[in-house]
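What follows is a set of notes on a single structure, which appears directly below.
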Amino acid sequence: MSEPRIDAERFLGRLDAFARIGATPKGGVNRQALSPEDRRARRLLTELGQARGFGVAQDAIANLFIRRDGKDNSRPSFLIGSHLDSQLTGGRFDGALGTLAAFEVLEALEDASVETPFPVEAVAWTNEEGSHYQPGCMGSMAFASGSIPDQWTTLRGHDGSLFADELQATLEALPEAAMRPLGFPIAAYLELHIEQGPSLECENIPVGIVEGIQGTRWLEVEITGQSAHAGTTALALRRDAMAATVRGLAQLYAEIMPRDERARFTVGRLTLEPGTVNAIPEKVAFTIDLRHPEIGALDSLETLIASTFAEVAAAGRCASTLRRIFDMPPTVFSPPLLERLREAADGLGLASKSMLSGAFHDALFVNCVAPAAMIFVPCRDGLSHNEAEYVEPEQAVAGARMLLASTLKILENR
Ligand code: GLV
Ligand code: MN
Ligand code: MN
């Protein structure tokens, strides 16, 4: 047995190889969950795992596990990983960095013939992004609850594809992967990810020790009025769903984020019906992504949003409905694991800082069933969910070293 070490060249080569799967002309990645591109990425990871003699398994939601056995294989595994799906105009590192660093950790352990006390597994969770099918984090959510909600089977993606069909095709595309029950017991979980925000880069700190994740709610709002002729309908007779929407949104944009710097309010999708140039819109449907580190604040912001749209709709002789489609409460990660992460950073001589994650991650759901924690590395200009997303090679490698050193610290303490 020798000292395990990250092979920087191999790891950076892997990042490049996966970035070619679903590559976009602007240098980013479009690898929608359960799409043919996602299947190619899963196949590549599977083949890399098999080439090293690791076990490959998937569960009913197509979470993919690459397993390196340990001394006592009857004990629960230590899990490390992230996701391989991307946004439509996503970057090369969101998800892939953590998944491939987890695989590199397995290879480093194998190269050095380290016998771990129990198995260590790299996982690629299914549909973290929530861009192909909503909600996001389907894989980790189903893993944590041990079941797939009935309503997911009838979900359709933005391209009209049926979630259930694509899930089945994805599972069938990897016949060599053993089927595993959903939500088997694990010892702990660790995830490396890019920060997706600017603070590490601004402060020139290579490692973020992520103590928790702010809460996220996804809301679907519909404002309904009446379609009528754009040219002949006078103001007094209009029941214009768009006019009511704009009034409501203007109030909320002015109120929510300017008054509370920790709040995040985003309308990322909006559709109008009938959607012609010369008809007053009868229906406006849009999404709201609402985030805050405190659950009480999320509750009051949701109440404010509902009452604002009820008022503007009533004033414009329209109706409003609001539906919560996704709810992730704020998360606090495991203090003992965070301590091991700090020791690992100190041991590597890497400056680190404790922080909260503004983005949600699979670790949020895994934290419900086992101790979990996350490591962040900086990304250029804090930019993510963008094809220009970029991580300096040495920062990506430092992240993989942190993941390896943290894994060894955690295993030492078991
Ligand atoms: C994850 O991609 C998020 O939207 O936070
Ligand atoms: Mn991600
Ligand atoms: Mn993302």
Side-chain angles (χ1 to χ4, degrees), residues 32-34 61-63 82-83 85-88 90 94-95 125-159 161-164 166-167 182-183 191 193 196 212-222 249 252 256-257 262-271 285-306 309 320-332 356-369 372 374 384-385:
Q32 295 302 293
L34 308 179
I61 192 112
N63 291 319
S82 193
H83 59 98
D85 66 312
S86 80
Q87 293 280 315
L88 285 165
D94 177 359
W125 302 107
T126 294
N127 190 31
E128 189 275 346
E129 292 293 358
S131 106
H132 197 188
Y133 305 100
Q134 286 94 57
C137 293
M138 279 181 164
S140 50
M141 207 187 297
F143 181 88
S145 70
S147 64
I148 300 178
D150 286 344
Q151 65 270 27
W152 289 1
T153 51
T154 52
L155 278 177
R156 284 199 184 270
H158 54 72
D159 50 1
S161 64
L162 193 61
F163 170 76
E166 300 312 310
L167 173 61
L182 197 52
E191 180 166 349
H193 207 281
Q196 306 183 282
I213 302 185
Q214 69 176 341
T216 302
R217 281 187 195 168
W218 284 0
L219 311 173
E220 250 176 21
V221 184
E222 278 187 14
L249 287 179
L252 294 170
I256 295 179
M257 288 184 48
R262 293 191 301 162
R264 300 286 181 270
F265 172 83
T266 306
V267 176
R269 191 168 69 203
L270 184 143
T271 54
F286 52 96
T287 55
I288 294 177
D289 178 311
L290 184 67
R291 306 198 189 201
H292 202 285
E294 282 170 24
I295 200 151
L298 282 172
D299 287 339
S300 37
L301 287 172
E302 188 175 332
T303 306
L304 171 73
I305 291 168
F309 286 115
S320 72
T321 59
L322 181 143
R323 201 163 65 91
R324 203 194 277 178
I325 55 166
F326 192 29
D327 186 10
M328 297 191 186
T331 299
V332 178
L356 270 189
S357 172
F360 58 71
H361 295 284
D362 293 304
L364 190 155
F365 290 99
V366 187
N367 193 46
C368 302
V369 291
M374 290 189 73
S384 181
H385 287 191

* Go through the steps to decide whether Gln32 and Asp159 satisfy the test side-chain contact (heavy atoms from CB on, under 4.5 Å), and finish with yes or no. => CA-CA 10 Å; Gln32 295 302 293; Asp159 50 1; over 6 Å; no

In chain order, what residues pass the ring pair (Phe, Tyr, Trp, His ring centres under 6.0 Å) check against [X], with sequence neighbours excluded?
{"X": "His132", "answer": "His158"}
{"X": "Phe309", "answer": "Phe286"}
{"X": "His193", "answer": "His83, His361"}
{"X": "Trp218", "answer": "Phe326, Phe360"}

* Verdict with reasoning, Ile256 to Ile305, per side-chain contact (heavy atoms from CB on, under 4.5 Å) -> CA-CA 9 Å; Ile256 295 179; Ile305 291 168; 4.1 Å; yes

Distance-minimising heavy-atom pair for [X] and [Y]:
{"X": "Ile295", "Y": "Pro330", "result": "N-CG, 3.9 Å"}
{"X": "Phe365", "Y": "Cys137", "result": "CE1-CB, 3.5 Å"}
{"X": "Ala263", "Y": "Leu301", "result": "CB-CD1, 4.1 Å"}
{"X": "Asp94", "Y": "Ser384", "result": "OD2-OG, 4.0 Å"}
{"X": "Ala359", "Y": "Gln196", "result": "CB-OE1, 3.3 Å"}
{"X": "Ile213", "Y": "Leu356", "result": "N-CD2, 4.0 Å"}

* Asked: Distance-only, no hydrogens or angles: does the Asp289 side chain make a donor-acceptor pair with backbone N or O of Thr266 under 3.5 Å?
  ->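 Such a contact is absent between Asp289 side chain and Thr266 backbone.
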
* Give a yes or no on whether the backbone of Tyr133 and the side-chain of Asn127 come within a donor-acceptor separation of less than 3.5 Å. =>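 Confirmed, Asn127 side chain pairs with Tyr133 backbone.
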
How long is the span from the [atom1] atom in [X] to the [atom2] atom in [Y], to the nearest 0.5 Å?
{"X": "Leu298", "Y": "Thr216", "atom1": "CG", "atom2": "OG1", "answer": "7.5 Å"}
{"X": "Leu167", "Y": "Thr153", "atom1": "CG", "atom2": "OG1", "answer": "10.0 Å"}
{"X": "Thr126", "Y": "Ile61", "atom1": "OG1", "atom2": "CD1", "answer": "6.5 Å"}
{"X": "Leu290", "Y": "Leu219", "atom1": "CG", "atom2": "CG", "answer": "6.0 Å"}

Could I get the full list of side-chain contact (heavy atoms from CB on, under 4.5 Å) partners for [X], not counting sequence neighbours?
{"X": "Ala372", "result": "Tyr189, Phe333, Asn367"}
{"X": "Gln214", "result": "Arg264, Arg291, Pro293"}
{"X": "Glu220", "result": "Arg269, Thr287, Arg323, Ile325"}

So, using side chain to side chain donor-acceptor pair (under 3.5 Å) as the criterion, who are the partners of [X] when residues are at least two apart?
{"X": "His292", "result": "Asp260"}
{"X": "Ser86", "result": "none"}
{"X": "Glu222", "result": "none"}

* Any Met138 side-chain heavy atom under 4.5 Å of Leu34 side chain ->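 No; the side chains remain at least 4.5 Å from each other.
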
* Side-chain contact, heavy-atom cut-off 4.5 Å: Glu128 with Asp85? ->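 Glu128 vs Asp85: side chains touch.
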
* Start with the C-alpha distance between Leu249 and Phe265, add both sets of side-chain angles, then the distance that settles side-chain contact (heavy atoms from CB on, under 4.5 Å), and finish with yes or no. => CA-CA 10 Å; Leu249 287 179; Phe265 172 83; 4.1 Å; yes

* Residues which pass salt bridge (charged side-chain N to carboxylate O under 4.0 Å, His left out) with Asp327, listed by chain and number, not counting sequence neighbours ->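 Applying salt bridge (charged side-chain N to carboxylate O under 4.0 Å, His left out) to Asp327 gives Arg217, Arg324.
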
* Indicate whether the side chain of Gln87 and that of Ser131 have a donor and an acceptor atom separated by less than 3.5 Å. =>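 Absent: no donor and acceptor within the cut-off.
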
* Residue pairs passing the side chain to side chain donor-acceptor pair (under 3.5 Å) test where at least one lies in residues 139-150, sequence neighbours excluded ->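 Found Ser140-Asp362.
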
